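First comes the structure, then the notes that go with it.
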Amino acid sequence: MLTLAGVVGFPVGHSRSPAMMAAALGELGLDWRYVRLPLPPERFADAVAALGASGYLGVNVTVPHKLAALELADSASSTARAIGAANTLTFRDGAIEAENTDAGGFVAALDEDPRGREALVLGAGGAARAVAWALREAGAEVGIWNRTASRAADLAGALEVEHVERPTACALVVNTTSVGLDPAVAEQDALVAVGLGGLEAPTTFVDLVYGEHPTALERWAARGGARVVGGLEVLVRQGALSLELWSGRGAPVEVMRAAVGAPDPGDGRIPG
Ligand code: ATR
């Protein structure tokens, strides 16, 4: 039977994972096929349960299914359970195993030790939860700010980190909001929208938003001297971890980066 893997989402047409994974599988000489699986929420559980019997080794899971993925799995890693969401499912011996590689992918993309450093997470959705959890586990002093303060307070309470009502300058800032997704947004408007108006740039800035590169917030951070890590690097790293889980082999990160058009973090290019 053909070995299959894929990405499940709704919509999933825009996903860069198929290009990234096809390049990686080619580089590893693995004759698998990686496909897009658009599944509306009402079909998710039944359709995914059937994949294991149809030659699928595993699937990546994206919006809006990450919570449902954890719920339907027969077992889950402690990371996936702590975050309350799974982005990777593995079909093994008739059972479904859930993992969350968003957290590990973020830490790998960050490529520095955040232990003891002040880290500000902007946003309070699912991405913020994975990032804040990963930073807390890595020993950072985590604060969460969000436009809707009650959501930040709830998330900070659940993770036992600080709720930030008014951001101040900080060593590490991570944008998990969708601000900057619109390439036409003015830098100043983007800064004000995420509570950073009038603040100095951090030492390291991570923007989970990708698409138009650099984003307005990345331009601001780079101009202020920050080391900037883009969302594509985080995408590559979470995909690399999923592939390693399924194949038991090291993922060809450079090939995956090239396939999604992510800049090489070592090449010293400053966005903007
Ligand atoms: P995900 O699960 O993908 O992280 P989400 O739950 O839709 O996404 O959350 C999106 C985040 O972007 C939220 O923190 C949201 O803030 P609110 O909780 O106040 O809605 C934030 N966000 C979206 N648009 C924003 C804007 N224009 N200004 C500031 N924050 C914004």
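When a ligand or atom number is given, it counts from 1 through the structure's own listing order. Values in this document were obtained by computation on a predicted structure and should not be read as measured data.
Taking the six-membered ring where the residue is Trp, W246 and Y34 present tilted rings, their angle falling between 30° and 60°.
Residues P214 and V228 form no side-chain contact, since every pair of their non-hydrogen atoms from C-beta on lies 4.5 Å or further apart.
E244 places a side-chain N or O within 3.5 Å of a backbone atom of A251 that can act as its donor or acceptor partner. For the pair T176 (side chain) and L122 (backbone), a donor-acceptor distance under 3.5 Å is present. No donor-acceptor pair closer than 3.5 Å links the side chain of R257 to the backbone N or O of A262.
Protein residues having at least one heavy atom under 4.0 Å from any atom of ligand 1 are G123, A124, G125, G126, A127, N146, R147, T148, R151, T177, S178, V179, A193, listed by chain and number.
Legend: residues meeting salt bridge (charged side-chain N to carboxylate O under 4.0 Å, His left out) with E97, ordered by chain and number and at least two apart, are R92.
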